[in-house]
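The structure appears right after this line, and notes come after that.
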Amino acid sequence: MISERIDAILGAAQTDVEQETAAHLNPKMVEALGLMGFKRQFVRGEGCTLYDADGNAYTDMLAGYGSVPLGHHAPEVWQAMDTVRQAKTPSFVLMAPEALPAALARELADRLPDPLEVSFFGSSGSEAVDGALKLARAVTHRDAFVYAERGYHGSTFGALSVTSDGRKKKFGTLLEASEIPFGDLGALEVRLRRRDVAAVVLEPIQAEGGVRLPPPNYLAQAKRLCARYGTVLILDEVQTGLARTGPMFALEDEGVVPDVLVLAKALSGGAMPIGAYVTSKKLWAAAYGSLADHELHCATYRGGPLACAAALSTLWTLDALDAPAMVRRKGAHLEAGLRSLAAKHASIHAVRGRGLLWGIEVRVPLPELAKALVAQQLVIGLLEAGYVTQVCTLDPSVVRVEPPLTIALEQIDGFLAAMERVLATRIRSVPRTLGRAAWDLARSALGPKS
């Protein structure tokens with residue numbers, strides 16, 4: 001009976017789902033999706049393919065913003081969760097050591113450089129960032145934080161405080177936090193000299209900020225500055241972690257070991273909510289090392305058995321696939337194709353990224369809003385061609401390409417061919433919709449390069 005009711009819900013008409021969403025979830029969401037050209041109901045996902053209610057297939061080049069590293073419904077992940085179900089493992093007893101979170105914490109410690117070896121698990125990247133901020137305050141006894149321009153670290157109260165998003169003003173006074181230019185070591189040191197900063201929060205690559213890479217050696221030098229001024233360095237690898245950029249963790253390419261590492265998204269293989277922050281025994285002991293304080297930071301849903309089983313399976317599957325080598329190979333193929341397109345089409349201003357995380361910045365000699373509209377038109381054109389992408393949250397002039405790590409080279413080639421068609425047709429005509437004068441100004445810039 002319950003299965004039949006669930007089947008009925010999954011088979012509901014798109015109009016019914018839209019009405020219930022507008023009535024009970026988010027009144028403006030359906031309208032916004034329609035304006036963005038996303039008026040589709042995806043009803044099934046297998047591997048790197050999504051299917052809508054009409055049976056149309058789409059190659060997923062977004063992967064849930066990186067949260068589906070092994071493709072949709074990876075069998076290894078679901079088998080691991082089914083093993084937990086069959087074993088009748090209790091959920092959220094929280095009154096005794098539990099095998100699965102302990103094993104997951106050990107597996108992460110085995111893969112990370114010393115001294116990162118103590119994990120705390122939560123339900124999301126935002127929650128993990130909040131936990132890392134609390135740890136930094138408890139260790140340093142300081143109040144302030146520093147984050148980078150266009151840095152994105154989540155939407156909960158603490159995480160939003162260290163996120164570069166003007167919309168956060170709507171929520172009033174958040175945590176004390178200062179924004180500095182990404183990559184500017186001088187600005188960082190000037191701020192740290194006041195010795196009131198508990199933590200600096202940075203990303204190895206700013207995904208939501210437009211897939212922006214740091215200058216060479218920036219993160220390693222930032223760590224040295226933090227050590228000099230008694231500040232904790234938190235590295236947010238929610239999107240870059242677990243082979244997304246090539247190495248298992250992007251910190252390997254950057255030559256830096258942070259005081260705290262934040263993970264989420266890909267960690268459970270897209271099957272269950274989970275986030276984590278990992279730190280050293282020294283910092284954990286300084287914050288929570290007494291019997292009175294050992295549970296001062298806690299959560300009911302920390303280390304749930306299904307989430308931990310999914311995460312363990314994801315790590316083991318990435319190992320079996322030799323994910324770093326696989327991603328470097330596929331990423332090089334994708335990069336070559338994107339750079340070839342950029343060389344032919346003046347509508348592409350820049351291509352940036354590593355591994356299987358890339359940003360395509362459009363070029364339009366018009367205001368920023370117009371650039372964002374052109375980028376969204378590229379996204380819509382790709383969707384109509386059967387490829388799911390999206391613009392970056394904090395730089396909507398950049399289209400993000402972030403497929404599952406298991407994507408086939410043939411699927412990458414299909415995406416590149418679709419991109420070629422959309423650039424040559426839809427994007428060349430977009431300025432006409434922005435006004436005749438704008439078209440006259442942009443016309444020469446949007447054709448193929450000679």
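Aromatic rings from H153 and Y147 are positioned such that their centres are separated by 6.0 Å or more. Aromatic rings of F121 and Y277 (six-membered ring for Trp) have centroids beyond the 6.0 Å cut-off, not under it. Taking the six-membered ring for Trp and the full ring otherwise, Y301 and F92 have centroids separated by under 6.0 Å.
Residues W316 and E76 have side chains that never bring a donor and an acceptor to within less than 3.5 angstrom of each other. Side-chain contact check for D165 and Y152: no donor-acceptor pair (N or O, by modelled atom type) lies under 3.5 Å. Residues R426 and Q377 bring a donor and an acceptor atom of their side chains to less than 3.5 Å of each other. Using a 3.5 Å distance cut-off with no hydrogens or angles, the side chains of R40 and Y58 do pair a donor with an acceptor.
Here the OG atom belonging to S347 is positioned 9.5 Å from the CG atom belonging to L341, to the nearest 0.5 angstrom. The OG1 atom of T406 sits 8.0 Å away from atom CG of L321, with the distance rounded to the nearest 0.5 Å. Atom CE of M419 and atom CE of M61 lie 8.0 Å apart (nearest 0.5 Å). Expressed to the nearest 0.5 Å, how far CG of L33 lies from CD of Q41 amounts to 11.5 Å.
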Notebook entry, point to check: Between R44 and D52, is a salt bridge (charged side-chain N to carboxylate O under 4.0 Å, His left out) present by the stated rule, with each step listed?
Noted result: CA-CA 7 Å; R44 185 161 58 95; D52 67 18; over 6 Å; no
Checklist line | S164 and E179: CA distance, side-chain angles, deciding distance, side chain to side chain donor-acceptor pair (under 3.5 Å) verdict | finding: CA-CA 7 Å; S164 180; E179 180 176 298; 2.9 Å; yes
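Applying the side chain to side chain contact (heavy atoms under 4.5 Å, CB included) test between D395 and each of K371, Q206, E208, R150 identifies R150 as the sole match. The salt bridge (Lys or Arg N to Asp or Glu O under 4.0 Å) with E361 is formed by just one residue from the set R352, R400, R212; it is R352.
R421 and T425 get closest at one heavy-atom pair: O-OG1, 2.6 Å. The minimum heavy-atom distance linking V278 with L108 is given by the pair CG2-CD1, 4.4 Å.
E18 has a carboxylate O that lies under 4.0 Å from a charged side-chain N of K39, or vice versa, which qualifies the two as a salt bridge. A salt bridge is absent between K134 and E127; no separation between the charged side-chain nitrogens and carboxylate oxygens falls under 4.0 Å. A salt bridge links E420 with K344: at least one charged nitrogen is closer than 4.0 Å to a carboxylate oxygen.
Formation of a donor-acceptor pair under 3.5 Å by the R339 side chain with backbone atoms of A336 is not found in this model. With hydrogens and angles disregarded, a donor-acceptor distance shorter than 3.5 Å links the side chain of D184 to the backbone of A187.
By the 6.0 Å contact criterion, CD on Q86 is enclosed, its count of non-hydrogen atoms from other residues, nucleotides or ligands being greater than 12.
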